[in-house]
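Just below is one structure, and these are the notes that go with it.
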Amino acid sequence: MLAVDAAASPVFPKIPFADFFTSSTLVAVVVLGVLLWLSKKATTGMQLVPHKAQNLFEFLVEGLYGRVEGIVGAKLAPKAFPLLATLFLFILVSNWFGLVPGVGTIGWGHTTGFLTIGTGAHDMTKPILRPPTGDLNMTIGLALTAFIVWLFITIKEIGVWGFVVHTFGPKGGLKGFMGFVVGLVFLFVGAIELVSIAMRPLTLSVRLYGNIYAGESVLHAMSTMMDGSAPWLSFLGSVALPIPFYFMELLVGLLQAMVFTLLSAVYIQLSTTHDDHGHEEGHGSHH
């Protein structure tokens with residue numbers, strides 16, 4: 001039983017400097033095109049009584065905005081929402097695009113069953129199309145984008161010094177010897193926090209990639225489980241066996257898009273909360 005290759009293959013392997021444009025990049029462009037087309041269709045000719053596309057779009061935007069506002073607060077929601085909503089929609093559609101028949105299942109390689117095509121040069125582990133989130137390069141790019149925007153919002157909101165105080169500053173207001181001890185403890189905790197922050201792009205990207213790649217591998221394994229049987233039985237198995245896992249992958253695709261987006265929102269909230277408390281204490285002292 002052949003496994004799904006973890007690496008996406010170049011679409012134009014013989015063209016110099018075009019290796020970056022892989023099968024997953026091609027599908028990412030298609031996903032972006034679909035999202036742009038749907039958003040333009042939903043926002044063109046908007047009416048007080050919304051048409052179907054506008055109604056769906058408004059439902060998505062209002063639902064996502066409410067979720068984001070509930071995590072980062074009303075002040076930061078307008079700044080964080082464009083990034084978080086874009087991440088959620090792109091990841092969700094990319095995850096589900098991997099379940100479209102032909103994506104990840106049509107490629108070149110040895111004949112393995114009824115209605116399969118092979119060149120004999122490679123095993124069918126190099127599909128013509130791959131889901132973008134099934135490529136670690138793409139998920140790292142998404143995670144780094146979220147990290148850069150998180151850093152920009154954090155520095156703009158509380159400043160560099162505010163971030164240092166938030167990370168390393170002692171809490172509790174203790175003074176004297178105990179304050180010194182607590183300060184050392186929080187200095188150590190701050191160093192651990194910096195390591196944790198630096199690891200966020202890796203954990204975000206690997207979690208998303210691992211779940212989508214695992215789903216690809218499961219579907220591939222189920223579809224090839226009856227290979228070597230009679231042609232009609234092999235074909236029937238390749239169609240019937242993956243069906244239950246398709247429904248599971250629909251749920252996994254939604255959950256992973258939510259996890260990635262909600263964690264990005266939580267990171268923004270955690271790094272900016274301290275400043276809000278400071279303002280509240282300041283206002284309280286004036287009163």
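One N or O on the side chain of Thr139 and one on the backbone of Ser205 form a donor-acceptor pair closer than 3.5 Å.
For the pair Leu92 and Leu254, the minimum side-chain heavy-atom distance is below 4.5 Å. For the pair Trp150/Ile197, a side-chain contact is recorded, criterion being any heavy-atom separation below 4.5 Å from C-beta on. Counting heavy atoms from C-beta outward, Val252 and Glu249 have side chains that approach closer than 4.5 Å. Looking at Ile192 and Phe188, their side chains come closer than 4.5 Å, going by heavy atoms from C-beta outward. Here the side chains of Leu83 and Thr145 are in contact, with some heavy-atom distance below 4.5 Å.
Heavy-atom minimum distance, Leu204 versus Tyr267: CD1-CE1, 4.0 Å. Across all non-hydrogen atoms, the minimal contact from Thr154 to Ser271 is OG1-OG, 2.8 Å. Between Ser24 and Pro132 the shortest heavy-atom distance is O-CG, 3.8 Å. Looking at every heavy atom in both residues, Phe57 comes nearest to Ala42 through CB-CB, 3.4 Å.
Around atom CE of Met199, no more than 12 heavy atoms belonging to other residues, nucleotides or ligands sit under 6.0 Å away.
The distance from the OG1 atom of Thr22 to the CG atom of Asn137 is 7.0 Å, given to the nearest 0.5 Å.
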